[in-house]
Novice: 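Provided herewith is a single structure, encoded as structure tokens, for subsequent inquiry.
Positions are given from 1 along the sequence.
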Amino acid sequence: MTSTLEQQQTEDCNNNNNNNQTMMSPTMTTTMVTVEFHDDTDGSVTTVQVPEGTKIIQAARQANVYIPTLCHHPRLTPVGKCGLCVVSVEGGPTPTQLACTTTVCRRDGGSAPNNNDDEDDDHHHSMRVHVHGPVLNGLADAALRRNLDRSSWTNPTPQRFAAHNNDLAPCGTLELEDLAAWVRHEMVDVSSNAISYDPSLCIGCSRCVRACDQLQGMKVLEAPLPLSSGSTATVGIATAPPCMTTRAGRVLKETDCISCGQCTVFCPTGAIKEVDHTPQVMRALSDPDRVVVLQTAPSVRVTISEMFGEDPGAWSEQKLVGAAKACGFHFVFDTNMTADLTIMEEANELLHRIDIAQNGTEHERKKSPLPMFTSCCPGWINLVEQSYPELIPHLSTCRSPMGMLSSVIRHHWWPKQLRMNEETHEAHDSFVSWPRTKKGHSFRKRSSRKLVLQQENEELKSRVANLEAKLAMANDTETSLDEIDQSKLYVVAVMPCTAKKDEMARDQLRMLDGKPETDAVLTVREFGRLMELRGVAKREDPYSSKNIPELMYDNPFGDSTGAAIIFGVTGGVMEAALRTAADVLSGKDIQRVKYEGVRGMAGIKEATVQLGRKNEIDLSVAVCHQMRNVREFLAQIEAGEKTYHFVEVMTCPGGCIGGGGLPQSRDPNILVKRVSKIYSLDERNVIRKSHQNKAVSSLYFDLLGKPLSHLSH
């Protein structure tokens, strides 16, 4: 039944309308009201003029504005029973109203000024009605669920009424099916490339709100306070749903959200989670004409075991590769290789900027200023572009390791595979059937070792000539890339970060045809679910993963160093860069590789490192992680309190080992445990400096030439 307030409101409007009609003579014109429908989802405004006394639902239909209804039918008397057609009228006596029983009328304080001097204010008045949006859609969804709960059906959820479920209506399609589908579609916020939000799953625990505020300091989300005992109840339902919403009341894409995903780490119901790329990866793996390549980030090897109930680092990286191959990926490459490549470029860029600061022109110093900030964290890049655009020149020009490897795979490795395939006159589908040895090398046939060595020797002889030709063709790169058929290659990245889904969609990381170089990004959580879907392991069965084979990463992108592994922790990028910069400036292979000043979980770390042949260079560096600390740190720099040469910034707590795409954990010490495993992997590595990675040296010799070259950029 309609509430007393709603009835009083309707009666007031009807009485006002009846009185006006009684006083008007037959020759007088009916009072018209201009109704403005404000859509709180997309901000659009639709205007329609209707006679005073018209029901809001009728005005909406005349204006082609959809308002969900269940109990209402245009041929029947409205009763306002289901509560789905909830709207909000500015100046109304209650926060919300029901569109089927509320009439259009003029309200004190609710009308907008009439800007048309030629119109008579007695005949045209404005009424503003808000529809849709997170709050109103949440109320409609709650009302729908309440109506279903009142029924005697055994499964009272909107999902019961999926499309074409005619078991309950053998004579035709249920109206409720379309209604439930619309409410579900309108409720789920899929505006972001990285994060989706389904309020129907929200229980109002406010974990996501607290993570966004207390950990990150972003204050994008908020949880509406519950109604007090003395407050006015919302018309249509007893209390407002406990749904999280954004502070601006807008979809995530239109807020200051940087896609860090910390909200998804703490949500217990999956109401707010990463945009799921698993289905499209499943389709690619099932396509016999596709070559599906996977790359895995440093912290993935430490955290994937948590998806199956094991401690951080319980899986070896070989087991990670074996699981990926068992899922159906044809090649598995290590993002650590391009983490080493990042250090080669970034360390040299830092030295170049320092030289410019000392010897460059004013124009050069403005173009490449100090301090230089790292650029591998996409959440940090999002923040700079949204809130600190003046810092853009300070960002390193390097892509992230994921962006680098996807580009190298597509524009260097893939053309070579096509060329080798053409030379041996094999069909393209032979890629899929290439056998793999335990060491991860892939061959078209079970060739003898002698033949393999001959092929490698011939390739080595042609490297110098190839390099010269590629350098000569540098200016024609776009033309050559445009001729390569990329349609059969599908590149997937497993990352600890939800913001990587944002990064892959950036214009700078697209091919000439507009398609992204990385086709899909899976979080570690998604990769765990993919393993279940492919029958590789089950989360509820800790023994199901025991039989996963241990395999090596595929060459030529399978070798890496300890410096690349520590990219996964706060201070890791800085320490890796210092290891290389120290050797470059001293001309020696310095044995010290640990820089304690940039290690640890302190939110802001500062250090002065002496570099050079005689330690003549005092390099001032800083490391900052967790966005709340980052904002405080940037305020100090803007105030002139701090000056540095090089600054590492990571969005998430602890760096990538606290990323928004990692497994959820109730262990309060989980970050410390993950950090410990990362550093233990570094210490067990024989090679711990990026510039000593032979795969990187080979890539420079084979393609890029040298750090900061034209091709490397």
Novice: Does the pair Thr338 and Glu345 meet the rule for a side-chain contact (heavy atoms from CB on, under 4.5 Å), with working shown?
Specialist: CA-CA 10 Å; Thr338 41; Glu345 293 293 324; over 6 Å; no
Novice: Just to verify, what does Lys538 make a side chain to side chain contact (heavy atoms under 4.5 Å, CB included) with, not counting sequence neighbours?
Specialist: Glu532, Glu540, Asp541, Ser544
Novice: Could you tell me which residues satisfy side chain to side chain contact (heavy atoms under 4.5 Å, CB included) with Cys263, sequence neighbours excluded, listed by chain and number?
Specialist: Ile195, Cys208, Leu221, Ile272
Novice: Between the main-chain N or O of Val275 and the side-chain N or O of Lys501, is there a donor-acceptor pair closer than 3.5 Å?
Specialist: yes
Novice: Do any pairs count as a ring pair (Phe, Tyr, Trp, His ring centres under 6.0 Å) and have a residue in residues 286-315, sequence neighbours left out, and if so which ones?
Specialist: Phe308-Trp315
Novice: Measuring from Met650:CE to Cys656:SG, what's the distance to the nearest 0.5 Å?
Specialist: 5.0 Å
Novice: What pairs meet the salt bridge (charged side-chain N to carboxylate O under 4.0 Å, His left out) rule with one or both residues in residues 648-668, with sequence neighbours excluded?
Specialist: Asp667-Lys673
Novice: In sequence, state the C-alpha distance, the side-chain angles, and the governing distance for Thr523 and Met495, and then conclude on side-chain contact (heavy atoms from CB on, under 4.5 Å).
Specialist: CA-CA 5 Å; Thr523 63; Met495 295 286 137; over 6 Å; no
Novice: Checking the side chain of Arg534 only, and the main-chain atoms of Ala326 only, is there a donor and an acceptor separated by less than 3.5 Å?
Specialist: no
Novice: Find the distance between CG (Leu512) and NE2 (His411) and round it off to the nearest 0.5 Å.
Specialist: 7.0 Å
Novice: Spell out, as yes or no, whether a donor-acceptor pair under 3.5 Å connects the side chain of Ser406 to the backbone of Gly403.
Specialist: no
Novice: I need the Asn193 CG to Arg506 CZ distance, nearest 0.5 Å.
Specialist: 10.5 Å
Novice: So does Asp311 get a backbone contact from the side chain of Ser305, meaning a donor-acceptor N/O pair under 3.5 Å?
Specialist: yes
Novice: What residues form a side chain to side chain contact (heavy atoms under 4.5 Å, CB included) with Val672, not counting sequence neighbours?
Specialist: none
Novice: Hey, mind stepping through Asp340 and Lys694 against salt bridge (charged side-chain N to carboxylate O under 4.0 Å, His left out) and telling me if it holds?
Specialist: CA-CA 10 Å; Asp340 283 328; Lys694 293 183 178 179; over 6 Å; no
Novice: Closer than 3.5 angstrom, by distance alone: can the side chain of Glu526 be matched with the main-chain N or O of His277 as a donor-acceptor pair?
Specialist: yes
Novice: Please check this pair: side chain of Thr303 against backbone of Ser299, looking for a donor-acceptor N/O pair closer than 3.5 Å.
Specialist: yes
Novice: Under a 3.5 Å distance rule, please check whether Thr374 uses its side chain to pair with a backbone N or O of Cys376 as donor and acceptor.
Specialist: no
Novice: Indicate yes or no for a side-chain donor-acceptor contact from Ser407 to the backbone of Met404 under 3.5 Å, with no hydrogens or angles considered.
Specialist: no
Novice: Evaluate the criterion side-chain hydrogen bond (donor to acceptor under 3.5 Å, both in side chains) for residue pair Thr498 and Glu274; output intermediate values, then yes/no.
Specialist: CA-CA 6 Å; Thr498 51; Glu274 66 269 46; over 6 Å; no
Novice: Under a 3.5 Å distance rule, please check whether Tyr553 uses its side chain to pair with a backbone N or O of Thr296 as donor and acceptor.
Specialist: no
Novice: Got a sec: does the NZ of Lys677 have more than 12 other heavy atoms crowding it under 6.0 Å?
Specialist: no
Novice: Can you run down the salt bridge (charged side-chain N to carboxylate O under 4.0 Å, His left out) pairs that involve residues 558-576, sequence neighbours left out, and say none if there aren't any?
Specialist: Glu575-Arg579, Glu575-Arg599
